Amino acid sequence: MLQDLQTEIAPLLNKLYTHPIYNEIDSVPKLRTFMDYHAFSVWDFMSLVKFLQNHFAPSQVPWRPMEHKEIVYFINDIVLEEESDKDPNGKTMSHFEMYCHAMGEIGTDADRPFSFAKSLNTLSLDESFKKFEVHPFIEKSNRKTLAFLDSNKPHITAAVFCFGREKIIPSMFQELINKMNISEADAPTFHYYLSRHISLDAEVHGPMAVKMVEILCDSPTKWQEATAAAKEAIQARIDLWDFILGELRKH
């Protein structure tokens, strides 16, 4: 079943990995534009992570042992790194905050995505999108990610998390490093962020995410739903790259 899923998504992955956006980011001003939009994708990733943590390793009192100990370890490990990793200077912060810091480093508005996320403590999602004037396409993209969670089907969320994020990030970010004309001296924290994800996701998170999908997809129907969700998630990233590429070419 896994092989069938991988066969189904292969054409989309090829389209994603050969997308012209990687060559288009050839200046710091263009990197600013890219990060302004991409930051919201970094934000909505955490909802996928926390949904899966709540499924595999929920906070329960009194505590009780959970199944799938390897997956419990994996999801807790990824939450630890995503919510409280070390930046290049050894300071503890989430990867989202690290990304915002990288935005400030190159002179774009780091406060906007961070304040948007913090505003959810007091505002509804609709109110936050409106208050921070999030572009309608980016709002639609975020809502698409969150809609996968509305199904309340862990195998669907796991497929989106695995094949729409963890498995594609190493190749995608490596393409950025290889092709964008931005030196590490120009954007040190952004380079660190990319390299950190390439290392973590390729060596640890990607393989464990695949195993999680295999555990959850215990029927042909679930494999079919997981395959459809994976394809939809990858296409959503291609659509995001198409949108940002259009914005880059306007400048």
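Note that the structure is a prediction, hence the values are computed from the model and not measured.
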**Report entry** pair P113-M103: side-chain heavy atoms closer than 4.5 Å
**Finding:**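 Side chain of P113 against side chain of M103, heavy atoms only: contact under 4.5 Å found.
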Would the distance check show the side chain of [X] and the main-chain N or O of [Y] forming a donor-acceptor pair, the cut-off being under 3.5 Å?
| X | Y | answer |
| --- | --- | --- |
| S199 | S195 | no |
| R196 | D85 | no |
| E175 | T18 | no |
| N54 | P58 | no |
| R237 | G164 | no |
| S151 | F148 | yes |

Query raised in the report: Take atom CD in Q3; do more than 12 heavy atoms of anything else shown fall under 6.0 Å from it?
Result: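 Check fails, neighbour count at 12 or below.
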Requested in this report: Please say whether more than 12 non-hydrogen atoms of neighbouring residues, nucleotides or ligands are located less than 6.0 Å from CD in E70.
Outcome: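 Open.
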Report task. Would you please classify the geometry between the Y22 ring and the H19 ring as parallel, tilted or perpendicular, with 30° and 60° separating the classes? Result -> perpendicular
Requested in this report: Could you tell me the separation between the CE atom of M1 and the CG atom of L5, rounded to the nearest 0.5 Å?
Outcome: 11.0 Å
Query - Ring centers of F74, F56 separated by less than 6.0 Å - result: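 No, the ring of F74 stays outside the 6.0 Å limit from the ring of F56, centre to centre.
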Query raised in the report: Any chance the rings of F243 and H135 have centres within less than 6.0 Å?
Result: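 Centroid separation for F243 and H135: below 6.0 Å.
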Report task. Run through F116, F40, F137 and flag the one making a ring pair (Phe, Tyr, Trp, His ring centres under 6.0 Å) with F129. Result ->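 Only one option passes, and that is F116.
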Requested in this report: Only one of I138, L245, I21 passes side-chain contact (heavy atoms from CB on, under 4.5 Å) with L240; say which it is.
Outcome: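 So, applying the side-chain contact (heavy atoms from CB on, under 4.5 Å) to L240 and each of I138, L245, I21, only I138 qualifies.
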Query - Stepwise salt bridge (charged side-chain N to carboxylate O under 4.0 Å, His left out) check, E232 with K144 - result: CA-CA 9 Å; E232 195 173 349; K144 190 175 191 65; 2.9 Å; yes
Requested in this report: Starting from the C-alpha separation in whole Å, work towards a yes-or-no answer on side chain to side chain contact (heavy atoms under 4.5 Å, CB included) for E24 and F34.
Outcome: CA-CA 10 Å; E24 191 71 24; F34 172 82; over 6 Å; no
